[in-house]
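Lettering follows sequence order; numbering is per chain, from 1. Please read these numbers as outputs of a predicted model, since none were measured by experiment.
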Number of protein chains: 2
Amino acid sequence: MKPRHPTLTAECRPISELLARIGDKWSVLVVGLLGDGPLRFSALRRRIDGISQKMLTATLRSLERDGFVTRTVFPTTPPQVEYELTDLGRDLLVPVGALAEWARQNQARVDDARRQFDRQNGVANGRAQASPLSAP
Amino acid sequence: MKPRHPTLTAECRPISELLARIGDKWSVLVVGLLGDGPLRFSALRRRIDGISQKMLTATLRSLERDGFVTRTVFPTTPPQVEYELTDLGRDLLVPVGALAEWARQNQARVDDARRQFDRQNGVANGRAQASPLSAP
DNA sequence: CGGGATCCCGACGGATACTG
DNA sequence: CAGTATCCGTCGGGATCCCG
């Protein structure tokens, strides 16, 4: 079994690191929203239903740290803070958008496979029994 | 359960669900390795440095459940189990490969941005201070 | 050899409450 | 408005033992 693509393992480490950065619960959502243009903190908060202000802050800090987002403070009263994608962030949006498109077009296939798997094994819930993986 | 509102989610929810499935620590690595051809359990274990047998099992179960991987048992002694990508899995490899390629070409830009951010703020570690996000 | 069962810990992430 | 600080539950995931 010789790898026909010798660079595959070399390709997988960067992707793992990238997933460690933006593979969390909210980063991609935020980047996707900012893809339409700059938004203020509350605007993001309102658009992302279910996110806590703590996680939104942390997510934005992380994205800013990795150079995907800029943070601009307007010293008005009350203060305004605007977040905007950098060039790097907009670049990232391309492959992420492709993945999103794939997900949109193939989610039915994945769901079908999952239902079939769950039917063949006696699973009460929608979750693999002895598996700590996968999300609801 | 989390009540999702249809605000933004039309475009971004599929990608979030996909990330919830393959965005974990090992799934993409396994899929990437299987892209070269079927592999046995121990072969995967040996190739993925640092993975525990529990997580490899769980990852493979999850991938099998979602229809990305097939599991074939050969009733030999000792038993052999081979894992192979399905058509869906190979399809997934395309956008994931694109993302991996992006990560490979842009990791320097991300690292530079991160170092600059950490220098501007007084950060002792390589980690954002008040942020629970980002990886070691 | 492949993988199930358990124990355990630290990180992720939600819910307030407080500040400038 | 835009955070920061604190408490706390959940769960990903590593280590270990055991079984067909």
Side-chain angles (χ1 to χ4, degrees), chain A residues 16 19-30 38-64 69-83 121 125 127-136, chain B residues 1-4 16 19-30 38-65 69-84 121 125 127-136:
Chain A
S16 289
L19 280 179
R21 287 176 160 120
I22 64 160
D24 64 282
K25 198 173 177 182
W26 306 107
S27 289
V28 172
L29 254 48
V30 171
L39 286 174
R40 295 179 50 186
F41 186 88
S42 345
L44 281 169
R45 188 150 153 55
R46 254 177 283 111
R47 290 216 193 186
I48 307 178
D49 189 74
I51 196 172
S52 63
Q53 94 294 35
K54 167 186 167 182
M55 288 320 295
L56 181 54
T57 300
T59 301
L60 288 168
R61 282 283 181 282
S62 176
L63 291 174
E64 186 194 0
V69 156
T70 59
R71 176 175 181 270
T72 311
V73 182
F74 298 95
T76 60
T77 48
Q80 292 193 8
V81 181
E82 235 182 38
Y83 293 91
N121 319 21
N125 269 341
R127 204 186 184 93
Q129 283 167 315
S131 168
L133 264 184
S134 72
Chain B
M1 285 316 214
K2 46 190 171 188
R4 306 186 189 91
S16 288
L19 279 180
R21 286 176 161 121
I22 63 159
D24 63 284
K25 197 173 178 181
W26 306 108
S27 289
V28 172
L29 282 169
V30 171
L39 286 175
R40 292 179 52 186
F41 187 88
S42 338
L44 281 169
R45 189 149 154 52
R46 255 177 282 110
R47 291 210 188 191
I48 306 177
D49 190 68
I51 196 173
S52 64
Q53 130 288 25
K54 168 187 168 181
M55 287 320 296
L56 181 54
T57 301
T59 301
L60 287 167
R61 281 284 179 281
S62 176
L63 291 174
E64 185 194 0
R65 187 159 105 100
V69 157
T70 59
R71 177 175 181 270
T72 312
V73 183
F74 298 94
T76 61
T77 48
Q80 292 193 6
V81 180
E82 233 181 40
Y83 293 91
E84 187 174 12
N121 318 23
N125 272 340
R127 205 185 185 90
Q129 283 168 314
S131 167
L133 265 184
S134 72

Report summary line: Between A:P79 and A:S52, the residue closer to the 5' end of DNA chain C by nearest nucleotide is A:S52

Can you measure [X] atom [atom1] to [N] atom [atom2] for me and round it to whole angstrom units?
X: B:E82; N: C:dC1; atom1: CD; atom2: P; result: 15 Å
X: A:F41; N: D:dC1; atom1: CZ; atom2: C1'; result: 9 Å
X: A:Q80; N: C:dG20; atom1: CD; atom2: C1'; result: 16 Å
X: B:I48; N: D:dG14; atom1: CD1; atom2: C1'; result: 15 Å
X: A:L56; N: C:dA15; atom1: CG; atom2: C1'; result: 16 Å
X: B:R61; N: D:dG13; atom1: CZ; atom2: C1'; result: 17 Å
X: A:M55; N: D:dC8; atom1: CE; atom2: P; result: 19 Å
X: A:D49; N: C:dG14; atom1: CG; atom2: C1'; result: 14 Å

Query raised in the report: Within the pair B:R46 and C:dC1, is there a side-chain N or O less than 4.0 Å away from OP1 or OP2?
Result: no

Query raised in the report: Counting any heavy atom closer than 4.0 Å, what does B:R45 reach on the DNA or RNA strands: base, sugar-phosphate only, or nothing?
Result: nothing

**Report entry** Touch class at under 4.0 angstrom, heavy-atom based, for B:Y83 against every strand present
**Finding:** sugar-phosphate

Query raised in the report: On a plain distance test, is the side chain of B:Q53 in donor-acceptor contact with the base of C:dG4 below 3.5 Å?
Result: yes

Query raised in the report: Quick one: the side chain of A:K54 and the base of C:dG14, do they pair up donor-acceptor inside 3.5 Å?
Result: yes

Report task. Write down the atom of A:F74, the atom of A:E82, and the distance for their closest heavy-atom approach. Result -> CE1-CB, 3.8 Å

Report summary line: In terms of heavy-atom contacts, B:R61 and B:Y83 come closest through NH1-OH, 4.0 Å

**Report entry** First of A:P78 and A:T57 reached from the 5' end of DNA chain D, by closest nucleotide
**Finding:** A:P78

Roughly how far, to the nearest 0.5 Å, is [atom2] of [Y] from [atom1] of [X]?
X: A:E64; Y: A:T59; atom1: CD; atom2: OG1; answer: 12.5 Å
X: B:I51; Y: B:R46; atom1: CD1; atom2: CZ; answer: 13.5 Å
X: B:I22; Y: A:L19; atom1: CD1; atom2: CG; answer: 7.0 Å

